[in-house]
Every structure is written in C-alpha cells, then in structure tokens.
Asks: 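Before I ask anything, let me first share the structure, which is written out below as structure tokens.
The sequence lines fix the lettering, A, B, ..., with proteins before strands; numbering per chain opens at 1. What you see is a predicted model, and the numbers here were worked out from it, not measured in a lab.
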Amino acid sequence: MTAPSEIRVRFCPSPTGTPHVGLIRTALFNWAYAKHVGGTFVFRIEDTDAQRDSEESYQQILEALNWLGLDWDEGIGVGGPHEPYRQSQRGDIYQDVIQKLLGAGHLYESFATAEEIEARNVANGRDPRQGYDNFERELTDEQKAAFRAEGREPSLRLRVPDTDLSFDDLVRGEITFKAGSFPDFVVVRPNGQPLYTLVNPVDDALMEITHIMRGEDLLSSTPRQIALYHALVEIGVAKFIPRFGHLPYVMGEGNKKLSKRDPESNLFLHRDRGFLPEGLLNYLALLGWSIAADRDVFTMEEMCAAFDVADVNPNPARFDLKKAEAINAEHVRLLEPEDFAGRLVPYLQAAELVATPATDAQLEIVRQAAPLVQSRMQLLGETPGLLGFLFVSTDDLVFEDDALKTLKDGALDVLAATAESLEGVSEWATEPIEAAMRAKLIDELGIKPRLAFGPARVALSGRRISPPLFESMELLGREATLARIQKLRDHLSA
RNA sequence: GGCCCCAUCGUCUAGUGGCCUAGGACACUGGCCUUUCACGCCGGCAACACGGGUUCGAAUCCCGUUGGGGUCACCA
C-alpha cells in the first residue's frame, strides 16, 4: 500500500432493500482502492426517498459491511469533518445550495407535469421517449404567475449546456455524449425536497470525493452530473470535478442484470448458506478484476495491495455460483483449525444440533471433528449434514434412504463381524479400531474395503457420506458406536 | 427509437503489436490415490463475433457490421 494520499472515495447506498452482491462488489472496489492508494473511504447513506427507504434496510447494510469486514474511515458511525452522513439529515445544507444555484441562474422553475411533457412531444412529432425538451427555460414572470394562480408549484430543473460533453472514465477511457442527449433534469421536487440528482453530486462535492466508482447503470447520467458540477464549481460549492469510473454489471442467468428479486443477489442468503466473508469477497473481486494471470485465490490484504481501478475490465460479468462456491472452499481449507472449528458452531446452532450457547462438551466435539471435515465442504452450511450424527442420540439417528441403498446383501454379516472385531478393541482410538476391523474384515474374511467399511459408515452416521470412519468411531465412543451398529442390524433384519 | 457502454473457451478472466500453434480458474470429463465423500496429483475438451483496413507482423490499433446490455422519472 502506498503512502497516505488525498484520494477520497465513497460508498453511498440507498437503503431500499436487502444488500445485493452487485452493491457489495461496488463497496469492495471502492474500499480496496482506498486501501491501495492510502486514501479515505467515506460511507454515507442516500436516504432521500422516504417512500422507499427503510430503517431495516439501513441496518442490513451496516450488518453486511460489518460481517464482510469492509471498514470505512469516515462517515456513518465514525463521524468526520462532513457530518451528518445521512442525507435525510442534511436538508438545510441542500436548501442553501439550492438557493445559491437559483441565484446564479443555474436552476429554473418548471411547471409541466409528466403527462404534459409527453403530450407536448406527441404534438410536436417528437419521440416521447426523448423526454423533456427544455421548453420552460425562458418562462416570463407572467407565465409563472399564471401557473401559480392555477395552484401549481414548480419543480426546479438544472439548465444543462447545449454542447457535447466528454469525460475520461477510469475503466472505459474517453466517453463523449452528444449535445441534446441529456436534457434539463429535475433536481428539486415541487414540495422543495431535493432529489438524488442534486444531493448525490452536492455531497460528493462537499465531501471532496475525488474518485467516483459506481455501477454502469449510472453511466448515462454522468454528463448531466458533470454539468451540475460545473455549476457547483461556479458558485463555490465544489472545488473540482471528480474522476468517474463505471464498474461493469453483475449479471444473472441469461443476459439480464442480476436483479434484487433473484435469490443469488441476496448477500445474506449466501452468508446463511455458509459463505465465508473472505471467500465471497474474493469471488466478487473476480467479477471484473483479476490479481494475476494464473491465480484467483487471494486474501483481502493481497487484493488491497494489488487493486487499481484502471485494471478493471469493462465487460459485464455473470455471477457463477459454482465458481463462487469453489473459491469459498479454497478459503475454508485455508482457515486455521481453531478458526475453522469456531465458524462451524453457528451453523450447528442454526440446525439446533448444538445449544446456544454451546456447552463445553459440544465445543470439544466440534473442535475434534472439525479437522475431519475441513477439506470436504465448500460451504459452512454443509456442517449439520456432515457432523450432525455426532450430536444426536442413537435413538434419534435416522438411516437415510440413499445410504441404505448402498448396502449389499452381505451387510448384515459384515455388521456382525464389525461388532465382533470391535469388542476386542482395548484402547478406543482410531488406530486400534482400524487395525481390529482390518484384521477381521479384510485379512480374515477377505472382504473388499468398500464392502467392509460401508455398512459401519451407514450405521454410525446414517448417511452415505460422512467424515472418515475410524476417526468418527473414536469421537462417537465405544458405546454409541456399538449401539448404532446394533441399531442398523435390527433395522436391516426387521 | 435517440444516446451510451460492451464483445477472448459454457462461465470468470490473462493478454496493452511479435514471448500466442492464446495462459489460468470454475464447470464438464478420463485416470491415479482411497474406508465413503472430498482433498491432492496427472490428462482431456473448449475461445480471440464478423468484415474491412493500418503494419514486415494484430486477440491486441482504426472503421464498419452484427449481436448483447444500459439509459432516456418530480427512483436511486
């Protein structure tokens, strides 16, 4: 990471739903870039739409960033020189800016309703999709008074220059918009409430954000934001125009943007299924960026050291759950044993296999069992399935159908021999157990390993897939092991 | 429709004029290992959208075509 710099980036979500992976990817890139350049990462909330914003969503965003470990230097919760960081609390600031903009002639009153604008376009033979045609720019005082007499209140629009507008996008390079493709837009509602179109650039200006990295969906609104910036610079609210970088979309199935309705977009669903924060973040980083030609598993520290927005790939990326899970599995295996064991507990608790809080005995089992499953899971959510048998009583253990189906005709005899071999084990530990079973089943009876050990596996775990057999027996204990073998024998002969 | 963006294996990508008979990863697949499932190891399949230029030389630069996407709100 380089020395501290004056670079300031921000993440400014609108609390209108549960956190979306695309939103998180945007936060991640801003965060990593700030760390990379030694800049400042500002976190503010854009809650200017009382109709859609919710406190619950706000809390979820905080919870998400906290879970992921994406910390910020300035903003919500930590304060800073530009408080407050929730736009709903910055009304006075906006009113002041609006007055200045109005005074300098950058804003003008617009009384037309959406219906009237459309009707006007139709009447003029203009494609209604082209939107507003700036026809109220030069309304006379008489005309305004007449509208007011009708009881109408005006919205305020920004007077946008009638020229081409270019900027140098951080990920796409030079982009030019033709004059006329970005009409005068509304920045203040008739009731005086400012809109995102105004407050977003105003806050970025006031907070002196230098690099704006955001979703590609905002690309087409960039020229008009820059137009607003020019006005803000002129009235002294902005010191400079920031650089913009538009991050590629995160796509879902087919060719559509991953929507909020799509379960794969829900960050918390991934968490609940057992993604590690570091695994999910690593995968998200791969959507539009890569750390090296022959590597795709890395830590966030490594990412911060390497990340530059200039290296972001402009093409849209599809969210591939399979690959995300594979990356997560790599991180699962990278965890220190104690750390890994600790992360298993919440998933066992969610399945009600372990008490909350967990007992010491339960934690001890988790600690011992963890190494047996660390390389056999991709998601922590697989834990209950893999280790559940260690936390249920023999009576409650159920033999699953697909497990039972693996049993061949000789299973009953094999179980009898297994029980017999186990009776003679003096020290109940993995090695002696394996030695005893091998001596009896493989050497003496000549049974193939697969057939010899399969029945015991089903007996102990009730499942087709389980942690290594002998280790599992040791953990379960002699009594439970023998009781389960007997239970399966009873079940099979019934 | 106007405007804007994008275009390398099925997917994510490496590639910034010669190192490319295009590299890695996921997925798929053959094999080894093996008490199940995994892990690990070895191998395979598979791409520069198309057409013109520029150049001694193009996946890389330019133009066009086609295809995809986004955006045109008193949402953010």
Asks: For A:Pro449 and for A:Asp311, locate the closest nucleotide of RNA chain B by heavy-atom distance; then report the residue assigned to the nucleotide nearer the 5' terminus.
Replies: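 Nearest nucleotide further toward 5': that of A:Asp311.
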Asks: Base, sugar-phosphate or nothing for A:Arg172? Non-hydrogen atoms, less than 4.0 Å.
Replies: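 Since only primed, P, OP1 and OP2 atoms lie under 4.0 Å of A:Arg172, the category is sugar-phosphate.
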Asks: Determine the Euclidean distance between corresponding P atoms of B:rU66 and B:rG30; express it in Å to zero decimal places.
Replies: 43 Å
Asks: If we take the C1' atom in both B:rU11 and B:rC75, what is their distance in whole Å?
Replies: 32 Å
Asks: Given that A:Met251 and A:Ile465 both sit by RNA chain B, which one's nearest nucleotide is further toward the 5' end?
Replies: A:Ile465
Asks: Write down the partner of B:rU11 under the Watson-Crick or G-U wobble criteria, each distance required to be under 3.5 Å.
Replies: B:rA25
Asks: Regarding A:Ser290, tell me which of base, sugar-phosphate or nothing describes its non-hydrogen contacts under 4.0 Å with the strands shown.
Replies: sugar-phosphate
Asks: Please assess A:Glu46 against A:Asn200 for the test side chain to side chain donor-acceptor pair (under 3.5 Å), listing each intermediate value before the final yes or no.
Replies: CA-CA 8 Å; A:Glu46 309 225 325; A:Asn200 175 272; 3.2 Å; yes
Asks: Using atom C1' of each nucleotide, how far apart are B:rC39 and B:rU21 to the nearest Å?
Replies: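 Roughly 34 Å separates the two C1' atoms.
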Asks: Under 4.0 angstrom, heavy atoms only, what part of the nucleic acid is A:Tyr283 near: base, sugar-phosphate, or nothing?
Replies: nothing
Asks: So what does A:Leu469 touch, heavy atoms closer than 4.0 Å: a base, only the sugar-phosphate, or nothing?
Replies: base
Asks: Counting Watson-Crick and G-U wobble pairs only, both distances under 3.5 Å, name the nucleotide matched with B:rG1, or none.
Replies: B:rC72
Asks: Aromatic rings A:Phe135 and A:Tyr132: how do their planes relate, parallel, tilted or perpendicular, breaks at 30° and 60°?
Replies: tilted
Asks: Does B:rU65 have a Watson-Crick or wobble mate here (both distances under 3.5 Å), and if so which one?
Replies: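 Paired with B:rU65, as far as the under-3.5 Å criterion goes, is B:rA49.
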Asks: Under 4.0 Å between a Lys/Arg side-chain N and an Asp/Glu carboxylate O for A:Glu136 and A:Arg152?
Replies: no
Asks: Contact class for A:Ser181 (heavy atom, under 4.0 Å): base, sugar-phosphate, or nothing?
Replies: sugar-phosphate
Asks: Syn if the chi torsion is within 90° of 0, anti otherwise; quick check, which is B:rC39?
Replies: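 B:rC39: syn glycosidic orientation.
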Asks: Check every strand shown and say whether A:Arg463 touches a base, only sugar-phosphate, or nothing at a heavy-atom separation below 4.0 Å.
Replies: nothing
Asks: Does A:Arg90 come within less than 4.0 Å of A:Asp203, counting only side-chain N to carboxylate O?
Replies: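 Looking at A:Asp203 together with A:Arg90, the answer is yes, because their closest N to O distance falls below 4.0 Å.
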Asks: Quick one: look up who B:rU36 pairs with, Watson-Crick or G-U, both distances under 3.5 Å, and put none if it's unpaired.
Replies: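 Looking at the geometry, B:rU36 pairs with no nucleotide.
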Asks: Look at all strands and tell whether A:Arg464 reaches a base, only sugar-phosphate, or nothing, counting heavy atoms closer than 4.0 Å.
Replies: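 If one applies the 4.0 Å heavy-atom cut-off, A:Arg464 turns out to touch a base.
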Asks: Write down the distance separating the P atoms in B:rU8 and B:rA47, rounded off to the nearest Å.
Replies: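 Each nucleotide's P atom is 14 Å from the other's.
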Asks: Looking only at atom P, what distance separates B:rG24 and B:rC9, rounded to whole Å?
Replies: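 16 Å, rounded to whole Å.
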Asks: So what does A:Ala112 touch, heavy atoms closer than 4.0 Å: a base, only the sugar-phosphate, or nothing?
Replies: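 If one applies the 4.0 Å heavy-atom cut-off, A:Ala112 turns out to touch a base.
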Asks: What's the gap between B:rG64 and B:rC28 when it is taken at their P atoms, as a whole Å value?
Replies: 42 Å
Asks: Roughly how many Å apart are B:rG43 and B:rC26, using the P atom of each and rounding to a whole number?
Replies: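 B:rC26 and B:rG43 have their P atoms separated by 15 Å.
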Asks: Pick base, sugar-phosphate or nothing for A:Pro190, based on heavy-atom distances below 4.0 Å to the nucleic acid.
Replies: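 Contact class for A:Pro190: base.
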Asks: Check every strand shown and say whether A:Pro468 touches a base, only sugar-phosphate, or nothing at a heavy-atom separation below 4.0 Å.
Replies: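 The answer is base, as A:Pro468 lies within the cut-off (heavy atoms under 4.0 Å) of a base atom.
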Asks: Would you call A:Arg129 and A:Asp127 a salt bridge, using N to O less than 4.0 angstrom?
Replies: yes
Asks: Would A:Asp262 and A:Lys257 pass as an ion pair if we require N to O under 4.0 Å?
Replies: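 Between A:Lys257 and A:Asp262 there is no salt bridge, as every charged N stays at least 4.0 Å from the carboxylate O atoms.
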Asks: Checking all strands, does A:Gly180 fall into the base, sugar-phosphate, or nothing category for heavy-atom contacts under 4.0 angstrom?
Replies: nothing
Asks: Any base atoms under 4.0 Å from A:Arg457, or only sugar-phosphate, or nothing? Heavy atoms, all strands.
Replies: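 Base contact - A:Arg457 has a heavy atom under 4.0 Å of at least one base atom.
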Asks: Could you tell me the boundaries of the chain A footprint on RNA chain B, defined by atoms under 4.0 Å from its heavy atoms?
Replies: B:rG1 to B:rA76
Asks: Can you tell whether the side chains of A:Arg137 and A:Asp162 come within less than 4.0 Å, N to carboxylate O?
Replies: yes
Asks: Can you name the side chain to side chain contact (heavy atoms under 4.5 Å, CB included) partners of A:Glu423, sequence neighbours left out?
Replies: A:Leu482
Asks: Tell me whether A:Lys487 forms a cation-pi arrangement with A:Phe399, defined as NZ or CZ under 6.0 Å from the six-membered ring centre and within 45 degrees of its axis.
Replies: yes
Asks: Under 4.0 Å, counting only non-hydrogen atoms across every strand here, what does A:Ser461 touch: a base, just sugar-phosphate, or nothing?
Replies: nothing
Asks: Does B:rA59 have a Watson-Crick or wobble mate here (both distances under 3.5 Å), and if so which one?
Replies: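 By the stated definition (distances under 3.5 Å), nothing pairs with B:rA59.
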Asks: For a quick check of understanding: with a heavy-atom distance under 4.0 Å over all strands, which category does A:Asn313 fall into, base, sugar-phosphate or nothing?
Replies: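 Here A:Asn313 touches the backbone only, sparing every base.
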Asks: Can you tell me how far P in B:rC20 sits from the matching atom in B:rG15, rounded to whole Å?
Replies: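 After rounding to an integer number of Å, I get 14 Å for this pair.
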